[in-house]
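Take a look at the structure below.
Below, all heavy atoms of this structure are taken into account, side chains as well, without hydrogens, waters or symmetry copies. Sequence lines set the chain letters: A, B, ... in the order given, protein chains first and strands last, and positions in each chain run from 1.
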Amino acid sequence: MHGLFNRSIQNFVCDTYGSAVWEASARHANLDFIEFEAMLEYDDAITPAILDAVSKTVERPRVDVMEDIGTYLVSHPRFEGTRRLLRFGGVNFEDFLHSLDDLADRARLALSDLHLPRIELRDHVDGHFSLICEAPVAGYGHVMMGVLRVMADDYGALALLEHTGGGQGIETVSVTLVKTDFSEGRRFDLGARAS
Amino acid sequence: MLVSAPVLDVLCPMHLVLSATGHIIHAGPTAQKLCLNADLLGQRFLEVFDIKRPRAIVSMADLHKTRDLKLHLELRDPPRTAFKGIMVPVGDAGNHTVVNLSFGISIVDGVRDFSLSNADFAATDLAIEMLYLVEAKTAAMEASRKLNLRLQGAKIAAEEQAFTDTLTGLKNRRALDTVLKRMVKGTACFGVMNIDLDYFKEVNDTLGHAAGDHVLQIVAQIMVSETRKTDTVARVGGDEFTIVLPEVRNGNLMRRVGRRIIDRLEEPIAFNGQDCRISASIGTVWIGEEDQSSMEDVLSNADVALYASKHAGRSRQTVYTPALRKRAPNMARAERRQGPDAQ
């Protein structure tokens, strides 16, 4: 698993609960280190182990923790870059939803060894969508829920999200787009200098 | 015109249509944003843009004559943005010209300077992908750069904790301290030799540091080959060495080892066709089973003996006896060697 995933979990826990909680989680997961390197590769088994350890340490269900991670990744000021990169996908929320099909390929353009789980958008009638997510780590659909919630807000769209279950490495998130211009949304300045 | 202006506006939002006189008679929606203070329409194309290549284009006649349809141009007004352009004559008589513009590599600045958004580019244009890549790669490079810095820090820390002298491959002072501390705590007898090279400074001064480094490496080989595997040979300063010899029953063995080392060090060492000649002074101390000396005592006694060797004319070995202390100045090797690592 690419170090970016694990490092994101670490950053989330440190920024949300503090480094003491992170160190305790790392101990629970039997890591013999506490710092993940974003640019290194780690054993696949480490990611679910650390997620379970965090869940136990902060006493919250793992799926809730995973949704919070998704929210954190696109809303924390430290990750402004992630939000910006996602905004490149489309001019409105629906456009953005469709661009998720290309997310894995886009990520690989930037980092050839980064394999994001594949996502496929099914377009039903009347603003109903299903997001079919590959879930190499159980609960990945919940991470996407967190991401989508923030991004809908960012585009100023009102959307209802529901994790409709999954199995065998596939999870589905149902998206109902109620209003595309619910609020102003956040400005996306294409030419802003990356900080 | 085969293709109407509304079609061009969608396909090439950064295009301009020029009249025969070189006036801009139509501008695509994105092209219109390039002129920050005024309307592009009605202005002379060559007064708005400076043609960089092909060279020496000053009039529309020049432009019409050129066979090269590819243009490199620049806004005459600030921010003097550079563009790539392609020019196609249109109309029955070819009296109109369509120029399609692209930011090329100035895309990052261009998008900022003219406050452009996704909608300002044709859906087939790779500009957005380009911007995406620039940001994603910058973020990835920054993460890699930070990793490199951390790895470099870890490397320096590891070197500081290392027990090896990088030039000679011998043990260093830290390793020596560790070994000696263990020896003085134990009850077995052992020996310590402090060795200073003689005339080494002359080699360095006359033949250069490369020769000096070569000599030190040969010296290290000699010391290792003249001692046992269980002995510890350490370089503790520029031309200062210490050897710890465990399980030495008396001083005789050490006298023989010291003699052999001096004899071999006095053999000329060849470097780039020159002979480097050095020797060594040795101070030796033997610690018996009942001896309670501290590590500092042992090293200090070895220094007293070393000083006696130097005082007696160098190139010799002295075994420590308490009587030597009376003649030696109260100055240990470690004190003579102020800032040894500065060498």
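Residue contact with chain A, scored on non-hydrogen atoms closer than 4.5 Å, involves the side chain of B:E129 exclusively.
Residues of residues 40-53 of chain B never come closer than 4.5 Å to chain A when only heavy atoms are counted.
The minimum heavy-atom distance between A:A110 and B:K137, with the atom names listed, is O-NZ, 2.8 Å. Summarising the geometry of B:A140 relative to A:M39, their closest heavy-atom pair is O-CE, 4.1 Å, with the distance given to 0.1 Å. The nearest pair of heavy atoms linking B:N118 to A:F88 is ND2-O, 3.7 Å.
Within the 3.5 Å criterion, the main-chain N or O of A:R106 finds a donor-acceptor partner in the side chain of B:Y132.
Between chain A and the residues B:D113, B:L133, B:I107, the largest count of heavy-atom pairs under 4.5 Å involves B:L133. Between chain B and the options A:V91, A:L4, A:T82, heavy-atom pairs under 4.5 Å are most frequent for A:V91.
The ring pair (Phe, Tyr, Trp, His ring centres under 6.0 Å) search around A:F93 returns A:F96, not counting sequence neighbours. In this structure A:D154 satisfies the side chain to side chain donor-acceptor pair (under 3.5 Å) test together with A:R83, A:R87, sequence neighbours excluded. Among residues two or more places apart in sequence or in another chain, the side chain to side chain contact (heavy atoms under 4.5 Å, CB included) test is passed with B:D120 by B:T30, B:K33, B:L116, B:S117.
In the displayed structure, B:M60 atom CE is contacted under 6.0 Å by more than 12 heavy atoms of other residues, nucleotides or ligands. By the neighbour-count criterion of 12 heavy atoms within 6.0 Å, atom CZ of B:R55 is sparsely surrounded, having that number or fewer from other residues, nucleotides or ligands.
Note: B:S144 OG to A:L40 CG = 9.0 Å, rounded to the nearest 0.5 Å.
Classification of B:R150 and A:E35 as a salt-bridged pair fails, no side-chain N sitting under 4.0 Å from a carboxylate O.
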